[in-house]
Number of protein chains: 2
Amino acid sequence: MSKIAKKEPLCEEIAGKGCSLKKVLDIIGGKWKIMILCVIDYNEVVRYGQLNRAVDGITNTMLANSLKELEADGLVERKQYDEMPVRVEYNLTPKAKSLIPILLELKKWGEENL
Amino acid sequence: MSKIAKKEPLCEEIAGKGCSLKKVLDIIGGKWKIMILCVIDYNEVVRYGQLNRAVDGITNTMLANSLKELEADGLVERKQYDEMPVRVEYNLTPKAKSLIPILLELKKWGEENL
DNA sequence: CGGAATCCGCTATGATACTG
DNA sequence: CAGTATCATAGCGGATTCCG
């Protein structure tokens with residue numbers, strides 16, 4: 001069979017497992033992450049408790065989990081100051097900041113189309 | 001209202017329930033919708049079976065559900081031709097088409113940052 | 001061919017309590 | 001203050017079968 005095994009005119013790059021769009025959604029998907037990113041961006045620097053009060057309805061479990069994942073994915077930076085009581089601050093990495101404009105476009109699209 | 005009752009320097013518009021960014025994610029979130037949109041966009045017009053084969057790993061249940069929701073949200077158009085056997089074609093609405101460039105930016109961001 | 005109807009497991013999410 | 005540790009649950013997503 002000299003045939004290239006593409007039965008359909010559809011590309012793996014678009015719909016396949018490796019699609020980078022899918023990866024992006026894996027990272028910023030879920031129920032809370034985008035809102036967390038936006039709140040940090042809006043405030044530049046935020047403390048844990050601030051986020052907890054700011055993101056409407058989030059629980060400790062989800063906030064802690066989301067922050068850990070965002071940090072692991074290089075979107076959020078965590079700084080801990082060992083004062084008493086402990087103070088922890090979060091801010092966006094440059095990588096995350098470069099994502100914000102796109103999210104704002106998405107938001108704008110939502111306002112115009114929903 | 002002389003007073004804006006905000007205990008935190010964080011805005012409801014960003015993190016609250018009404019945030020349009022959240023709404024967008026509700027519509028195109030989930031595991032398959034973005035890929036479905038991209039495949040339809042890439043092909044202009046697609047049949048159900050094509051989508052089923054093109055979107056890697058999707059099941060009937062999810063494809064049918066996703067398409068119904070996308071149609072209800074005004075992102076895809078369904079055309080049924082009562083031939084024998086039945087033929088059904090899907091294409092993007094203008095609204096969805098205006099979303100594609102943003103998704104491509106997101107994809108580009110993913111390629112550069114992940 | 002293009003779905004609908006069932007049934008079901010898993011994982012994301014959540015409530016609550018507790019700790020360094 | 002900034003989280004962990006448990007335990008519980010809902011609903012998303014999946015496998016299979018059936019239908020016009």
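Order of the sequence lines fixes the chain letters, A, B, ..., with proteins taken first and strands second; residue numbering starts at 1 for each chain. Keep in mind that the numbers below use all heavy atoms, side chains included, and drop hydrogens, waters and symmetry copies.
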| field | End axis versus end axis in the helix from C/dC1-D/dG20 to C/dG20-D/dC1, the angle rounded to 10°, five pairs used at each terminus | value | 50°
| remark: On DNA chain C, more 5' by nearest nucleotide between B/Q80 and A/V86 is B/Q80
| said: Can you list everything that forms a side-chain contact (heavy atoms from CB on, under 4.5 Å) with B/E69? Sequence neighbours excluded, please. | reply: B/K33
| request: Look up atom CG in B/N113 and atom CG in A/D73, then write down how far apart they are to the nearest 0.5 Å. | output: 11.5 Å
| message | For A/L104, give me all partners under side-chain contact (heavy atoms from CB on, under 4.5 Å), at least two apart in sequence or on another chain. | response | A/I100, A/K107
| task | Supply the atom-to-atom distance B/L106 CG to B/I34 CD1, rounded to the nearest 0.5 angstrom. | result | 7.0 Å
| query | Can you tell if the side chain of B/L67 reaches within under 4.5 Å of the side chain of B/R78, non-hydrogen atoms only? | reply | no
| Atom pair distance, as rounded to whole Å: CE in A/M84 and C1' in C/dG20 | 9 Å
| For A/R47, all residues meeting side-chain contact (heavy atoms from CB on, under 4.5 Å), sequence neighbours excluded | A/Q50, A/R87, A/E89
| Test side chain to side chain donor-acceptor pair (under 3.5 Å) applied to A/T93 - qualifying residues, sequence neighbours left out | none
| said: What is the distance, to the nearest angstrom, from the CG atom on B/L51 to the P atom on C/dG2? | reply: 10 Å
| Rounded to whole angstroms, how far apart are NZ on A/K31 and P on C/dT11? | 19 Å
| task | Select base, sugar-phosphate, or nothing to describe what A/Y90 touches, counting heavy atoms under 4.0 Å on all strands. | result | sugar-phosphate
| note | To the nearest angstrom, the CD1-P distance between A/I58 and C/dA15 comes to 12 Å
| task | Can you tell me which residue pairs pass the side chain to side chain donor-acceptor pair (under 3.5 Å) test with a partner in residues 57-66 of chain A, sequence neighbours excluded? | result | A/Y48-A/N60, A/N52-A/N60
| Residues which pass side chain to side chain donor-acceptor pair (under 3.5 Å) with A/E71, listed by chain and number, not counting sequence neighbours | none
| With A/W32 via side chain to side chain donor-acceptor pair (under 3.5 Å) - residues at least two apart | none
| request: In whole angstrom, give the distance that lies between atom CD of B/E83 and atom C1' of C/dC1. | output: 11 Å
| chain A footprint on DNA chain D, 5' to 3' - any atom under 4.0 Å from a heavy atom | D/dC1 to D/dA5
| field | Within residues 60-73 of chain B: residues closer than 4.0 Å to DNA chain C (heavy atoms) | value | B/N60, B/T61, B/A64, B/K68
| request: Could you list the residues that satisfy side chain to side chain donor-acceptor pair (under 3.5 Å) with B/E105, not counting sequence neighbours? | output: none
| query | Any side-chain N or O of B/R78 less than 4.0 Å from the OP1 or OP2 oxygen of C/dG2? | reply | no
